[in-house]
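The structure displayed is predicted, hence computed values, not measured ones.
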Amino acid sequence: MRSKKMLSITIAAVLSLSMLVSGCGGNGNNNTGANTPNNGEGKGQSNSADSPKETVELKAYFPGDKPSGFEDVLKAVNEKLKADNVGASLNINFLPWSDYGNSVSVKMSAGEEFDMYLDAPWLSMSQMIASGSIIPLDDMVASRKELKESIPDQMWDANKFGGKIMGIPLGTVQGTLYGFVIRKDLREKYGMPELKTVADVEKFLYTVKEKETTIKPFVIDGRKADKLPALFNDTLNTGKVSYIETLVPMFYYSLENKKVVGAWDAKTLDQSFERATKYYEDGILSKNIAQEQNAQTLFNQGKYAATYYAADGVEGLKYLDALKIDGAELEVVVPHDETSKPYSNYQQWNFLTIPKASKHAELVMDVANWLSVKENHDLLEYGVEGKDWESVGDSSYKQLSAYVFPGFVLTWRPTLERTPDNMLAGDKEWVEKAGAADFFNLSPITGFSFDAEQVKTEYAKTTPFFDSVFLPLSQGVLPIDKGKEMLKDKILGVGGQKVIDEIQKQIDAVVAK
């Protein structure tokens, strides 16, 4: 998931914050009478020549804190909605992250009428779909040109549920690209050319280890160490892998024999595990890696020469404080073989959904369409131009105020996003590439989303081994031979083969379609 302005995407921004779903006409949710906009052609363009529409207030619930200065921006948004004769105004309510999912579920169960909210596979989307609590959007999307075109076809197709569009997918990148942020000044200090491959990065890290006395080679938070099997691998960001992630942690899919295996049998990972073992023993990886939680701070303080990077629009921005160090320069290194496109399933993790109880589904979609026009998108996502931000060309912006809207709840459109003007040049380059659907190859298991219901007992027993075995193996703390054998014994010992068989069954069903 890019959260240029949220933290943690992940947070993953991170949550992590990387970490937050169709029939239209027959559901009784269409507007009727004077308030019903025409079928979507040209939505978002001014309709002021038409008869003025009565304004209907649309109520929305989203997670998080209300942005600074939000009242002024929302006022400007509603004024422009009125000027463009959309027939709607927005009443956006923010609920605490800690209780967001439960709060929305309670409101829906109680019959409260509201018109849109953020849902996601990691929230309650599956349950809401199963209970019929949210409506399909296929026909309404098809009739709204700006909305449909602002999101790539691959992203629409890959984010259906049961073959239907159950929410507008909200995302900015179309696939995952990993790499490194390094101290360019140190690379140049030791006469090294620009780093292009993982082997080049390895040479840089060992050079720093040998020659620097106060700067250590590489830092990453322990909780992100599951990225290391991809990061220190010669197939990074290419389609040359023989095993791809299933998105079920610790289980992989073989492109050669179409079989699901545990990480211990995913041969693509062996190189990474071997390197992790060596790096840990040689001091390239910190002996404290399992407990490390301050990688960003340590890198920004100049104590490390390289750290983890993801082209998500968030990760690269975390390290700009390192530029305050006298003489420090940074660059982004993303190993990539231009002859081989990486795989992507184009999956997004946040969706704008419409409750079945809403009486204004068509109008919600008109607003979503209106927000898919650049000037309208920019108004809500970045604020009032000249007050909250100013344009830097067509694709960047300079922030002028503290206004930061969480675009992942409503406004993210891959074709419309701007990048902050202070981004590292390499960061901007790779984020733009990651946002281009054609940069990737479609994963053969696109559409697979694991339903553990049939093996929930066994699956629940396997999950603790992610922290206790897989992460130490990825960190090099557990040597490759011992770690792989331990992971295999632990998972298969609690019924893990049933989990593998169930994943296989579900992937086979998806592939057969």
Side-chain angles (χ1 to χ4, degrees), residues 1-2 10 12 18 173-182 187 192-206 217-221 224-247 249-250 252-256 263 266-280 284-285 289 295 305-316 319 331-346 424 426-427 429-436 439-444 470-471 473-476 480:
M1 248 188 135
R2 132 162 129 42
T10 18
S18 88
V173 296
Q174 301 306 304
T176 302
L177 295 174
Y178 292 128
F180 308 83
V181 176
I182 73 161
R187 174 179 67 76
M192 299 184 67
E194 187 176 351
L195 309 184
K196 297 286 190 180
T197 67
V198 176
D200 292 341
V201 174
E202 179 181 284
K203 183 178 179 181
F204 171 73
L205 298 179
Y206 274 91
F218 180 82
V219 66
I220 187 172
D221 279 2
K224 288 185 179 178
D226 63 312
K227 305 297 189 298
L228 293 178
L231 203 62
F232 287 110
N233 196 295
D234 290 343
T235 64
L236 179 63
N237 304 319
T238 76
K240 297 180 179 180
V241 294
S242 53
Y243 293 83
I244 59 176
E245 295 179 338
T246 63
L247 298 183
M250 303 182 289
Y252 293 77
Y253 181 75
S254 169
L255 295 175
E256 296 173 355
K267 301 306 180 185
T268 299
L269 303 183
D270 283 354
Q271 182 187 55
S272 303
F273 292 149
E274 289 169 356
R275 280 175 165 165
T277 299
K278 177 176 171 55
Y279 294 166
Y280 184 78
I284 299 299
L285 296 177
I289 186 172
T307 190
Y308 155 86
Y309 169 78
D312 57 13
V314 175
E315 196 68 28
Y319 306 110
E331 65 185 354
V332 172
V333 178
V334 178
H336 170 60
D337 181 349
E338 294 181 359
T339 66
S340 176
K341 291 184 177 182
Y343 287 107
S344 174
N345 63 9
Y346 298 94
L424 298 170
D427 189 15
E429 173 190 354
W430 286 105
V431 167
E432 289 177 349
K433 287 181 178 180
F439 188 82
F440 301 91
N441 273 330
L442 184 67
S443 167
F470 183 75
L471 279 182
L473 172 60
S474 301
Q475 296 159 350
I480 176 172

Kindly indicate whether the side chain of [X], heavy atoms from C-beta on, has any atom under 4.5 Å from the side chain of [Y].
X    : Y    : value
I289 : Y280 : yes
N237 : F440 : no
E331 : L424 : no
L269 : Y252 : yes
P229 : F273 : yes
V219 : L285 : no

Next on the checklist: Between Y309 and D427, is there a side-chain donor-acceptor contact under 3.5 Å, judged purely by atom types and distance?
Outcome noted: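 A pair is found: one side chain offers a donor N or O, the other an acceptor, under 3.5 Å apart.
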Rounded to the nearest 0.5 Å, what's the gap from [atom1] on [X] to [atom2] on [Y]? Could you check?
X    : Y    : atom1 : atom2 : value
L255 : Y243 : CG    : OH    : 9.5 Å
I220 : F180 : CD1   : CZ    : 9.0 Å
H336 : T238 : NE2   : OG1   : 8.5 Å
L205 : D200 : CG    : CG    : 11.0 Å
F439 : W430 : CZ    : CH2   : 5.0 Å
L473 : L471 : CG    : CG    : 9.5 Å

Item to check | Option from T277, T235, N233 for which side-chain hydrogen bond (donor to acceptor under 3.5 Å, both in side chains) with S272 holds | outcome: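 Among T277, T235, N233, the one that satisfies the side-chain hydrogen bond (donor to acceptor under 3.5 Å, both in side chains) with S272 is N233.
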Nearest heavy-atom pair of [X] and [Y]: which atoms, and what distance?
X    : Y    : value
S344 : G175 : OG-CA, 3.5 Å
A276 : S474 : CB-O, 3.3 Å
V333 : V201 : CG1-CG2, 4.0 Å
L236 : A230 : CD1-O, 3.2 Å
Q174 : A436 : CG-C, 4.1 Å
A311 : V173 : O-CG1, 3.6 Å

With sequence neighbours excluded, tell me which residues meet side chain to side chain donor-acceptor pair (under 3.5 Å) with [X].
X    : result
Y279 : E202
K433 : E429
Y319 : E315
S340 : none

Checklist outcome for this item: So the salt bridge (charged side-chain N to carboxylate O under 4.0 Å, His left out) pairs with at least one residue in residues 226-242 (sequence neighbours excluded) are D234-R275, K240-D337
Item to check | Donor-acceptor under 3.5 Å (T268 side chain, S242 main chain) | outcome: yes
Checklist entry - Do N441 side-chain atoms and Y343 backbone N/O form a donor-acceptor pair below 3.5 Å? => result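 No; judged by distance alone, with no hydrogens or angles, the pair does not exist.
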Checklist entry - Should the pair E194-R187 be classified as a salt bridge under the 4.0 Å nitrogen-to-oxygen rule? => result no
Next on the checklist: Is the distance between the ring centroids of Y178 and F232 under 6.0 Å?
Outcome noted: no
Next on the checklist: Using the ring pair (Phe, Tyr, Trp, His ring centres under 6.0 Å) criterion, which residues pair with Y253? Sequence neighbours excluded.
Outcome noted: none
